[in-house]
Amino acid sequence: MPKLLFAHAPHDAQEEHQVHKLAGSRHAPADWIRRAQMIVLSWQGLRTTDIASRLHCHPQTVRERISRFNAEGVDGLGDLPGAGRKPRLTEQERSRIIGLVATAPPGRLIRHRDGILVAHDEHKEANWTLNALTRAAQQQGITIGRSQVRRLLLKEGVPCRYTHSWARSTDVDFVPKGVRSSASTQTRRKGRRPSV
C-alpha cells in the first residue's frame with residue numbers, strides 16, 4: 001500500500017499566493033493550472049486518490065506532481081526539459097534570417113536621388129529566393145540549409161515569393177525570346193477541366 005503523500009506547507013505567503021492564484025487562473029497554461037489545483041487540494045487534506053478522482057487523472061500523476069512540488073516548489077509545477085533534439089538555431093539567429101526578408105536583396109536596383117539605378121552587387125539576386133537567403137545567412141555565420149530556411153519562413157508565416165522566368169514584360173521595347181509553341185498545341189483555359 002503506498003504511503004500517504006501530501007504537498008509540503010507553503011514556505012511563505014508569496015508561495016501560497018502564487019499557487020492559489022495559478023489554481024484559479026483562466027489565462028495560465030492548462031497543465032500549470034491543473035498541477036496547482038493538485039497542490040491546493042493536497043493542502044486541504046485530500047489524499048492522492050481523492051485528488052485524482054476530482055481532477056479526472058491517475059493517482060500516480062498526482063503523486064509525481066506533489067513529489068516535484070515538494071522538491072522544487074512552484075518551479076516544480078512546470079514541465080521538465082524535453083528529451084528530444086535541441087533546436088539548431090537560436091532565437092536570435094531565427095530573427096536575423098526573418099529580418100533578411102524585410103531588407104532589399106544585394107542585386108536589387110535602387111533609385112538614387114539623381115534618378116540613377118544602382119545595385120549593391122550586380123552579380124547577386126535581385127529578389128530573395130531560398131538559395132539567396134541561405135547564402136546570406138551563411139555569410140553572417142549562421143549554419144543553415146535551404147530546407148531549414150523554407151521551414152522557418154513557413155512556420156513564421158513569412159510569404160515566399162517565387163520569381164518566374166516566363167513572366168511577361170510591360171516594357172514597350174521588350175522582344176520575346178524565340179517563337180511561340182506550335183499551333184497544334186492546345187491551350188488550357190483557367191477554371192475548365194479538359195474533356196475526357
Side-chain angles (χ1 to χ4, degrees), residues 1-105 128-162:
M1 183 168 174
K3 66 176 186 172
L4 294 175
L5 179 66
F6 294 97
H8 68 69
H11 291 300
D12 52 22
Q14 182 183 1
E15 183 179 65
E16 183 177 11
H17 175 72
Q18 283 179 319
V19 173
H20 278 288
K21 184 176 180 181
L22 195 57
S25 175
R26 292 183 179 191
H27 302 291
D31 50 352
W32 281 70
I33 293 171
R34 186 179 180 133
R35 294 164 191 166
Q37 290 170 348
M38 291 176 189
I39 303 305
V40 170
L41 291 172
S42 180
W43 285 343
Q44 293 173 359
L46 270 69
R47 299 174 70 164
T48 54
T49 52
D50 297 330
I51 295 170
S53 66
R54 273 201 189 184
L55 298 178
H56 307 290
C57 63
H58 196 276
Q60 182 60 31
T61 304
V62 177
R63 282 192 284 277
E64 289 171 1
R65 288 299 160 187
I66 290 175
S67 296
R68 270 205 62 211
F69 176 78
N70 288 344
E72 301 176 30
V74 177
D75 292 335
L77 299 177
D79 290 325
L80 290 171
R85 186 180 75 195
K86 302 296 179 264
R88 293 181 188 171
L89 299 173
T90 64
E91 283 302 314
Q92 291 81 15
E93 289 172 335
R94 289 172 187 261
S95 297
R96 283 168 48 198
I97 294 168
I98 293 168
L100 277 174
V101 178
T103 63
W128 282 124
T129 62
L130 292 176
N131 289 337
L133 283 170
T134 304
R135 276 194 297 277
Q138 289 170 349
Q139 288 171 354
Q140 291 186 11
I142 301 171
T143 306
I144 190 167
R146 182 181 189 274
S147 60
Q148 283 179 289
V149 171
R150 182 178 177 277
R151 284 193 304 267
L152 174 63
L153 296 179
L154 287 173
K155 182 179 178 185
E156 297 296 327
V158 177
C160 292
R161 293 184 184 96
Y162 298 101

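Summarising the geometry, atom CZ belonging to Arg150 is positioned 13.0 Å from atom CD1 belonging to Ile144; distances are rounded to the nearest 0.5 Å. We find the CD-OG distance between Glu72 and Ser67 to be 11.0 Å, quoted to the nearest 0.5 Å. Once rounded to the nearest 0.5 Å, the distance linking CD1 of Ile51 with CZ of Arg63 reads 10.5 Å. Between Thr48 atom OG1 and Ile66 atom CD1 the span is 6.5 Å, to the nearest 0.5 Å.
Every pair passing salt bridge (Lys or Arg N to Asp or Glu O under 4.0 Å) that includes a residue from residues 128-144 is listed here, sequence neighbours excluded: Glu125-Arg135. For the side chain to side chain donor-acceptor pair (under 3.5 Å) condition, no pair includes a residue of residues 11-21, sequence neighbours left out.
Looking at residues two or more places apart in sequence or on another chain, you find no ring pair (Phe, Tyr, Trp, His ring centres under 6.0 Å) involving His27. In this structure, the side-chain contact (heavy atoms from CB on, under 4.5 Å) partners of Thr90, at least two apart in sequence or on a different chain, are Gln92, Glu93.
Put simply, the residue from Ile142, Leu154, Thr129, Thr134 that forms a side-chain contact (heavy atoms from CB on, under 4.5 Å) with Val149 is Thr134.
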Donor-acceptor list for residues 28-44 side chains, cut-off 3.5 Å, not counting sequence neighbours:
residue: Arg34; atom: NH2; partner: Leu55; partner atom: O; Å: 2.6
residue: Arg34; atom: NH2; partner: His56; partner atom: O; Å: 3.0
residue: Arg35; atom: NH1; partner: Leu77; partner atom: O; Å: 2.7
residue: Arg35; atom: NH1; partner: Asp79; partner atom: OD1; Å: 2.9
residue: Arg35; atom: NH2; partner: Asp79; partner atom: OD1; Å: 2.7
residue: Gln37; atom: NE2; partner: Ala23; partner atom: O; Å: 3.2
residue: Ser42; atom: OG; partner: Ala7; partner atom: N; Å: 2.7
residue: Trp43; atom: NE1; partner: His8; partner atom: O; Å: 2.8

Got a list of side-chain donor-acceptor pairs under 3.5 Å for residues 94-101, not counting sequence neighbours?
residue: Ser95; atom: OG; partner: Glu91; partner atom: O; Å: 3.0
residue: Arg96; atom: NE; partner: Gln140; partner atom: OE1; Å: 3.3
residue: Arg96; atom: NH2; partner: Gln140; partner atom: O; Å: 2.9
residue: Arg96; atom: NH2; partner: Gln140; partner atom: OE1; Å: 3.4

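Distance alone, capped at 3.5 Å, is enough to place a donor-acceptor pair between the Trp128 side chain and the Thr103 backbone.
Nearest approach of Thr143 to Leu89, heavy atoms of both residues: O-CD2, 3.9 Å.
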